[in-house]
*Asks:* 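Provided herewith is a single structure, encoded as structure tokens, for subsequent inquiry.
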Amino acid sequence: MRSVTRIGAVVAGLILVLTACGGERQNPGGGNLYKNGRLSIATGNTTGVYYQLGGGYADLLSKQLPGYQVTAEATGASVENIQRVVRGDSDIAFSLADTASDAATGKGAFSSPQPIRALARIYTNYTQVLARKDAGVHSIADLKGKRVSVGSPNSGTETIALRLLEAAGLDPASDIDKQSLSLPETVQGVKDGTIDALFWSGGLPTGGITDLVTNLKEQIVFVPIDDLLTPLQAKYGPTYQAATLRKDVYGTASDVRTIVVPNLLVVSDKMPADLAENLTRILFEHRADLIKVHPEAINISRDNGPKTEPVLLHEGAKKYFAGS
């Protein structure tokens, strides 16, 4: 009976300890681990830069953040990523700044302001519009009646694509044969001739676009879109900026004028400040490791890092930037 009593006491003690800890693993550095030490990063399509850099960042965090195991997940990208963070399905998300701005202010795809914060502004996404040469597309207006992929549902690419079409005077619901496809599906469709043109917002170079240009060569053309910058800025503000897609990126005959949007890393406003600070610190202090994963990481700058308005910086990120 004494043995049974002692065992019962031990079990009861363990229950009390687990209850006190909230069922979470203990952090070797002290305190409980947020979400039991398991974090996920919402990235994007498997042939995009979000997915490549997200995987590299996950590996980096798993090595540099004691007690944590971090994984990267393929998603539809920006809108879906923010929805995942808000639901608690993901902990860190890549997002285009225009989508994150909509989420913070309750516009566009978001009916009310979302409880998100930014860790940092990172690199810039280039809007890339390509068409089969035999489709006769020289401007966004020429997409009327064409089979057009506007990107994955709930992606930042889709947001920009629909806004560009409207700025060109086209109704996305009726003036084009709209296809909502991931980048791998889109690339295959263009190769097969079932898709005439595509929109893509991503870093340079994007693997899927490189694949397409390499395989189709002179059968594919880049469509200039800089003429639509003024109406975009008039309606949505200075998040959209002009830039040049250099000919050396994909081996094109000439440079292409395009429109760019910054990217942000987004988290929940409920994330502990010390964790957010460490996530931000590791991003910048180990940038060299991310450059090995994809060259866009060269453009992750501490000077630009805090420029996330109107998305508020997380308090932990603020602490990092204030002390770095």
*Asks:* Could you state the interatomic distance from CG (Leu164) to CG (Leu228), rounded to the nearest 0.5 Å?
*Replies:* 6.0 Å
*Asks:* Please report the C-alpha distance between Phe94 and Val49 in whole Å, then the side-chain angles of each, then the deciding distance to 0.1 Å, and finally whether the side chain to side chain contact (heavy atoms under 4.5 Å, CB included) criterion is met.
*Replies:* CA-CA 10 Å; Phe94 284 75; Val49 179; over 6 Å; no
*Asks:* Are Arg257 and Thr244 linked by a side-chain donor-acceptor pair shorter than 3.5 Å?
*Replies:* yes
*Asks:* Can you tell me how far CG of Asn154 sits from OG1 of Thr159, rounded to the nearest 0.5 angstrom?
*Replies:* 8.0 Å
*Asks:* Within the 4.5 Å heavy-atom criterion, are Asn299 and Asn304 side-chain neighbours or not?
*Replies:* no
*Asks:* Strictly distance-based, threshold 3.5 Å: is any side-chain N or O of Gln233 a donor or acceptor partner for the main-chain N or O of Tyr240?
*Replies:* yes
*Asks:* Taking the side chain as everything from C-beta on, heavy atoms only, tell me whether Thr47 gets closer than 4.5 Å to Val187.
*Replies:* no
*Asks:* Let me see the working for Asp226 and Thr258 under side-chain hydrogen bond (donor to acceptor under 3.5 Å, both in side chains), right down to the final yes or no.
*Replies:* CA-CA 5 Å; Asp226 57 307; Thr258 189; over 6 Å; no
*Asks:* Does any N or O in the side chain of Asp171 come within less than 3.5 Å of the main-chain N or O of Ala173, such that one atom is a donor and the other an acceptor?
*Replies:* yes
*Asks:* Ignoring hydrogens and geometry beyond distance, is a side-chain donor-acceptor pair present between Tyr34 and Asp91 at under 3.5 Å?
*Replies:* no
*Asks:* Can you list everything that forms a side-chain contact (heavy atoms from CB on, under 4.5 Å) with Glu315? Sequence neighbours excluded, please.
*Replies:* Lys318
*Asks:* Answer whether the closest heavy-atom distance between the side chains of Leu65 and Asn278 falls below 4.5 Å.
*Replies:* yes
*Asks:* What verdict does the salt bridge (Lys or Arg N to Asp or Glu O under 4.0 Å) test give for Asp59 and Lys292, after you've listed the backbone C-alpha separation in whole Å, the side-chain angles of each residue and the deciding distance to 0.1 Å?
*Replies:* CA-CA 12 Å; Asp59 290 342; Lys292 296 174 184 176; over 6 Å; no
*Asks:* Show the nearest heavy-atom pair for residues Leu204 and Val249, with the distance to one decimal.
*Replies:* CB-CG1, 4.0 Å
*Asks:* Evaluate the side-chain proximity of Asp177 to Gln179: yes if any heavy-atom separation is below 4.5 Å, no if none is.
*Replies:* yes
*Asks:* For the CD1 atom of Ile176 and the CG atom of Leu143, what is their distance to the nearest 0.5 Å?
*Replies:* 7.0 Å
*Asks:* Kindly determine whether Ile82 and Phe110 satisfy side chain to side chain contact (heavy atoms under 4.5 Å, CB included), including the steps that lead there.
*Replies:* CA-CA 10 Å; Ile82 290 176; Phe110 304 92; 3.9 Å; yes
*Asks:* Whether the side chain of Ser155 engages the backbone of Glu158 through a donor-acceptor N/O pair (distance < 3.5 Å, no angle test) should be reported.
*Replies:* yes
*Asks:* To the nearest 0.5 Å, tell me how far Glu166 CD sits from Leu232 CG.
*Replies:* 10.0 Å
*Asks:* For Thr75 and Ala77, indicate whether the former's side chain and the latter's backbone hold a donor-acceptor pair under 3.5 Å.
*Replies:* yes
*Asks:* Has the side chain of Glu185 got a donor or acceptor atom that lies under 3.5 Å from a matching backbone atom of Leu181?
*Replies:* no
*Asks:* List for me each residue that meets side-chain contact (heavy atoms from CB on, under 4.5 Å) alongside Ala104, sequence neighbours excluded, and say none if there are none.
*Replies:* Val311
*Asks:* Could you tell me whether Asp98 and Lys235 have a side-chain N and a carboxylate O separated by less than 4.0 Å?
*Replies:* no
*Asks:* If every non-hydrogen atom of Arg38 is compared with every non-hydrogen atom of Tyr68, which pair is closest and at what distance?
*Replies:* N-CD2, 4.4 Å
*Asks:* Compare all side-chain heavy atoms of Val190 with those of Leu198 and state whether any distance is below 4.5 angstrom.
*Replies:* yes
*Asks:* Under the side chain to side chain contact (heavy atoms under 4.5 Å, CB included) criterion, do Leu39 and Leu61 qualify, and how do the steps go?
*Replies:* CA-CA 10 Å; Leu39 302 177; Leu61 292 174; 5.7 Å; no
*Asks:* Could you tell me whether the side chains of Asn125 and Ser201 share a donor-acceptor contact shorter than 3.5 Å?
*Replies:* yes
*Asks:* Cut-off 3.5 Å, side chains only: do Asn81 and Gln83 have a donor facing an acceptor?
*Replies:* no
*Asks:* First locate atom CG of Leu245, then atom CD1 of Ile259, and finally report the distance between them rounded to the nearest 0.5 Å.
*Replies:* 12.5 Å
*Asks:* For residues Val137 and Val221: do they belong to one hydrophobic cluster (side chain heavy atoms under 4.5 Å, members Ile, Leu, Val, Met, Phe, Trp, Tyr)?
*Replies:* no
*Asks:* Counting C-beta onward and ignoring hydrogens, is there a side-chain heavy-atom pair between Ser268 and Val86 closer than 4.5 Å?
*Replies:* no
*Asks:* Does the side chain of Asn263 pick up a donor-acceptor pair with the side chain of Thr124 at under 3.5 Å?
*Replies:* no
*Asks:* Got Ile209 and Leu183 here, is their nearest side-chain heavy-atom distance under 4.5 Å?
*Replies:* yes
*Asks:* Membership question, hydrophobic clusters at under 4.5 Å side-chain separation (ILVMFWY): are Ile122 and Leu96 in the same one?
*Replies:* yes
*Asks:* Kindly give the heavy-atom pair with the smallest separation between Gly67 and Leu33, and that separation in Å.
*Replies:* O-CD1, 3.2 Å
*Asks:* Over all heavy atoms of both residues, which pair between Thr46 and Ala74 is shortest? Give the atoms and the distance, please.
*Replies:* CG2-CB, 3.9 Å
*Asks:* Do Leu216 and Leu130 belong to the same hydrophobic cluster, where Ile, Leu, Val, Met, Phe, Trp and Tyr are linked whenever their side-chain heavy atoms lie under 4.5 Å apart, directly or via other members?
*Replies:* yes
*Asks:* When rounded to the nearest 0.5 angstrom, what is the spacing between OG1 in Thr186 and CD1 in Ile195?
*Replies:* 6.5 Å
*Asks:* Can you sort out the partners of Asp303 under salt bridge (Lys or Arg N to Asp or Glu O under 4.0 Å), two or more places apart, ordered by chain and number?
*Replies:* none
*Asks:* Are Lys191 and Asp211 within salt-bridge range, i.e. N to O under 4.0 Å?
*Replies:* yes
*Asks:* Where the side chain of Glu73 meets the backbone of Ala42, is there a donor-acceptor pair that is under 3.5 Å apart?
*Replies:* no
*Asks:* Are Ile282 and Leu60 close enough that some pair of their side-chain heavy atoms sits under 4.5 Å apart?
*Replies:* yes
*Asks:* Is the backbone N or O of Gly193 less than 3.5 Å from a side-chain atom of Arg147, with the two atoms forming a donor-acceptor pair by type?
*Replies:* yes
*Asks:* Please report the closest heavy-atom contact between Val261 and Ala97, naming both atoms and the distance.
*Replies:* CG1-N, 3.9 Å
*Asks:* Using a 3.5 Å distance criterion without hydrogens, assess whether the side chain of Gln114 forms a donor-acceptor pair with backbone atoms of Ser112.
*Replies:* yes
*Asks:* Suppose we call two aromatic rings close when their centres sit under 6.0 Å apart. Are Tyr250 and Phe222 close by that rule?
*Replies:* yes
*Asks:* Linking I/L/V/M/F/W/Y whenever any side-chain heavy atoms sit under 4.5 Å apart, do Tyr50 and Ile116 land together?
*Replies:* no
*Asks:* Any chance you could lay out the ring-ring contact (aromatic ring centres under 6.0 Å, His included) test for Phe321 and Phe284, step after step, and finish with the verdict?
*Replies:* CA-CA 10 Å; Phe321 288 117; Phe284 288 97; 5.6 Å; yes
*Asks:* Would you call Arg132-Asp196 a salt bridge at under 4.0 Å N-O?
*Replies:* no
*Asks:* Is Val267 reachable from Tyr57 through a run of hydrophobic residues whose side-chain heavy atoms are each under 4.5 Å from the next?
*Replies:* yes
*Asks:* Does Thr280 use its side chain to pair, donor to acceptor, with the backbone of Ala276 at less than 3.5 Å?
*Replies:* yes
*Asks:* What are the two closest non-hydrogen atoms of Asp255 and Lys247, and how far apart are they?
*Replies:* OD1-N, 2.8 Å
*Asks:* Could you please spell out the steps behind the side chain to side chain contact (heavy atoms under 4.5 Å, CB included) verdict for Val150 and Leu165?
*Replies:* CA-CA 10 Å; Val150 297; Leu165 289 164; 4.3 Å; yes
*Asks:* Does Lys144 have more than 12 heavy atoms from other residues, nucleotides or ligands lying within 6.0 Å of its NZ?
*Replies:* no
*Asks:* Is a side-chain N or O of Ser62 found less than 3.5 angstrom from the main chain of Val70, in a donor-acceptor match?
*Replies:* yes
